[in-house]
Amino acid sequence: MAAGTAGQARLSGNRTRNGAKGAALLALALALGACAVTPEPLTLEERRAQVEADRARLFTDQEPVAGPISLAEAMARAIKYNLDYRQAMLEEAVQSRQLTLTSYDLLPKLAASAGLTTRDKDYLTVSRNTTTGVRSLEPSMSQDRNRATADLTLTWNILDFGVSYFQAHQQADRVLISGERRRRIINAIIQQVRASYWQAATGERLEGRIAPVLEEARKALKDSQTVEEERLRPPLESLRYQKALIEIIRQLETVQQDLAIAKAQLAALMNLPLGQTYSLQLPDGFRKTLPELSIPMERMETVALLRRPELQEERYQKRINVAEVRKAMVRMLPGISLTGGYNYDSNSFLVYNNWAEAGARLAYNLVTLASGPAAITAAEAQEEASDFRRLAVSMATLTQVHVAQQQFLRAHTTYEQTQLLESIERRINEQVQQQATASAESGLERIRAKASAINAELARDRAYADLQNAISTVYVALGLDPMPDTVESHDVKGLSMGIDRVLADWQSGRIAKELKDDTAPAAPAATSAEKAGPSKEPVS
């Protein structure tokens, strides 16, 4: 009977253990099921809501267009509202905040902790005499079942401080790099605005003259088709006449389409609603004053190498790579940790429930003995690659300066030629209109002469626009910014006034001071007498 009772007990124990295992497996399965994540695509309603929110944010907080837009205002609106530029500003702000965050890594680590501990049984211990080997008969208690603990610990690792020091300097250089990238984006946006503005403005100026000629050409084409159907003239003659008219219509319609495309592109650069209508204002002195460029090439090369944002980025990247080499060297040093703190324990068996402690610890990661030299070599190789990249960018910069100068000279010659051609076409048109008769041939010649005069005038205006773009390309190749250093206000009007002053200086070549500051020789080193301080003799 005792054996049966023992067997039942073993069976009951096995069932209990099996039940515990089953419960554990069930809990594990539930936990794994809770951790499983399935892809959940956005619903149509969520996408529609996002689209509506994005549309509402595209054109919010923008000053409305109050009149014809000048070139300076178009640039100001692009700088203030262009989404690419605003993204660059946000990236610069992110890098700046990251620098603030990185600076905190230089500080010691201060950690505070508190907790509660409870037990279902007393913390009892027994001891054994190491001499006699006799164990104590009664257990002893040295800790409460319920305890509260707290501590405040200050830790400072000198190795981590050294690494964080170089990381902070690297992040500071990344902030400067983001600023140079913002400069590059400004220059790119301004170049696009300038090209679209001149193409749209020159087309808009002649739009009122294109429409009557187009209407006359279309009417003549319709009349010719009627003549052909009625066989009033030889078919071959009518077809050639219609072909000439269609070519004229196609040329004039191309001008209108180019105008519409240029205005749409300009509206996108200014972040205006694409369906909004607006007009453009030609700058004062249009075609009356020509830009000047009288800077020696050697001086232009020096200024470009000093001021181009791409080269500034590479110089800052050079400092980042140098700091990376030093970081690799610092990581090979042993780490010294200094700690200090204040502790509390509510255990009633302690004589002192509050105490302060301090310590120092020396640690050395032996793996760095093998990986450290390889890390230093990799950082030095990256530094060398950065040097060659900077040389390549320098060569590209010099090439751009020379190309920009040649483009300006060619644009100047082209404008003079198109100006002469426009004068000839205008006089031809005047003669044709005076000598026109009622015949079909003279009607075609009259329409062709008007279209040729319009195209010649448009070509002259666009040649003048190309000349303006060419001089601006030269100054951008030199690294000069279209944005002034200071503006009266940051609204569209204040930015426009500042940009207008810069454009006027570029137009007249008044940039000598900026070039002089950049190309001035470096100040000589101070002598020992100068380092000692100023002389007490009176200055004559």
Side-chain angles (χ1 to χ4, degrees), residues 70-72 74-75 190-210 213 248 251-252 254-255 258-259 262 266 280-301 304 399-433 448-478 480 482 500 502-512 515:
S70 64
L71 176 59
M75 293 180 177
I190 289 301
Q191 290 290 80
Q192 295 173 15
V193 168
R194 184 182 290 109
S196 298
Y197 168 85
W198 280 114
Q199 186 173 4
T202 52
E204 186 181 69
R205 194 180 75 86
L206 298 176
E207 187 176 15
R209 294 175 53 190
I210 293 175
V213 179
I248 294 173
Q251 292 176 359
L252 297 177
T254 300
V255 174
D258 291 342
L259 171 62
L266 184 59
L280 299 175
Q281 175 187 354
L282 287 172
D284 297 335
F286 175 66
R287 291 193 292 103
K288 295 180 181 178
T289 57
L290 300 182
E292 301 177 3
L293 182 63
S294 58
I295 309 171
M297 177 52 67
E298 183 178 359
R299 195 177 184 188
M300 293 171 62
E301 291 179 351
T399 303
Q400 290 174 5
V401 171
H402 282 262
V403 170
Q405 186 202 38
Q406 294 300 320
Q407 288 177 342
F408 172 77
L409 297 176
R410 185 181 65 181
H412 199 284
T413 303
T414 302
Y415 174 70
E416 292 178 347
Q417 294 174 347
T418 55
Q419 192 175 26
L420 180 61
L421 182 60
E422 187 275 335
S423 175
I424 295 173
E425 289 287 355
R426 175 167 43 81
R427 285 178 289 172
I428 290 176
N429 181 41
E430 293 173 356
Q431 294 293 325
V432 170
Q433 302 305 322
R448 180 183 285 119
K450 289 181 180 179
S452 298
I454 291 175
N455 286 328
E457 189 172 355
L458 180 63
R460 180 203 58 189
D461 292 350
R462 288 186 174 174
Y464 180 81
D466 291 340
L467 183 60
Q468 294 289 343
N469 292 335
I471 191 63
S472 299
T473 302
V474 171
Y475 292 143
V476 170
L478 296 180
L480 303 181
D500 205 11
V502 175
L503 294 180
D505 291 340
W506 287 10
Q507 176 78 4
S508 60
R510 294 193 301 267
I511 57 172
L515 300 183

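FYI, the numbering just counts along the sequence from 1.
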If every non-hydrogen atom of Leu282 is compared with every non-hydrogen atom of Ala201, which pair is closest and at what distance? CD2-CB, 3.6 Å
N/O donor-acceptor pair under 3.5 Å between Asn429 side chain and Glu425 backbone: no
Kindly compute the distance separating CD1 (Ile210) from CZ (Arg205), expressed to the nearest 0.5 Å. 10.5 Å
Looking just at side-chain N and O atoms, do Thr473 and Gln191 make a donor-acceptor pair shorter than 3.5 Å? yes
Which pair of heavy atoms, one from Ala451 and one from Val213, lies closest together, and at what distance? N-CG1, 4.4 Å
Name each donor-acceptor pair under 3.5 Å that joins a side chain in residues 403-414 to protein atoms two or more places apart or in another chain, with its distance.
unit_1	atom_1	unit_2	atom_2	d
His412	ND1	Glu416	OE2	3.4
Thr413	OG1	Leu409	O	3.2
Thr414	OG1	Arg410	O	2.8

I'd like to know if the side chain of Glu204 reaches the main chain of Leu280, judged simply by a donor and an acceptor atom lying under 3.5 Å from each other, with no hydrogens or angles considered. yes
Leu71 side chain reached by Trp198 side chain, heavy atoms, under 4.5 Å: yes
How many angstroms lie between atom CD1 of Ile190 and atom OH of Tyr197, to the nearest 0.5 angstrom? 13.0 Å
Between Pro291 and Gln468, which heavy-atom pair has the shortest distance, and what is it? CD-NE2, 3.9 Å
Nearest 0.5 Å, what's the CD-CG distance between Glu422 and Asp461? 8.0 Å
State which residues pass side-chain contact (heavy atoms from CB on, under 4.5 Å) with Gln419; sequence neighbours excluded, sorted by chain then number. Tyr415, Arg460
Nearest 0.5 angstrom please: Ser452 OG to Leu421 CG, how far? 9.5 Å
Side-chain contact test, heavy atoms from C-beta onward, threshold under 4.5 Å: evaluate it for Lys450 versus Gln433 and give yes or no. yes
Going by side chain to side chain donor-acceptor pair (under 3.5 Å), name the residues that satisfy it together with Ser196, two or more places apart in sequence or in a different chain. none
Under the criterion side-chain contact (heavy atoms from CB on, under 4.5 Å), I'd like the reasoning laid out for Arg194 against Leu503: C-alpha separation, chi angles, the key distance, then a yes or no. CA-CA 11 Å; Arg194 184 182 290 109; Leu503 294 180; 4.2 Å; yes
Within the structure provided, determine whether Arg462 and Asp258 are in side-chain contact (heavy-atom separation under 4.5 Å). yes
Min side-chain heavy-atom separation Asn455-Val255 under 4.5 Å: yes
Note: Leu478 and Met300 closest approach over all heavy atoms is CD2-O, 3.2 Å
Please report the interatomic distance CD1(Ile471) to CG(Asp466), rounded to the nearest 0.5 Å. 13.5 Å
How far apart are the closest heavy atoms of Leu206 and Ile454, and which atoms are they? CD1-O, 3.9 Å
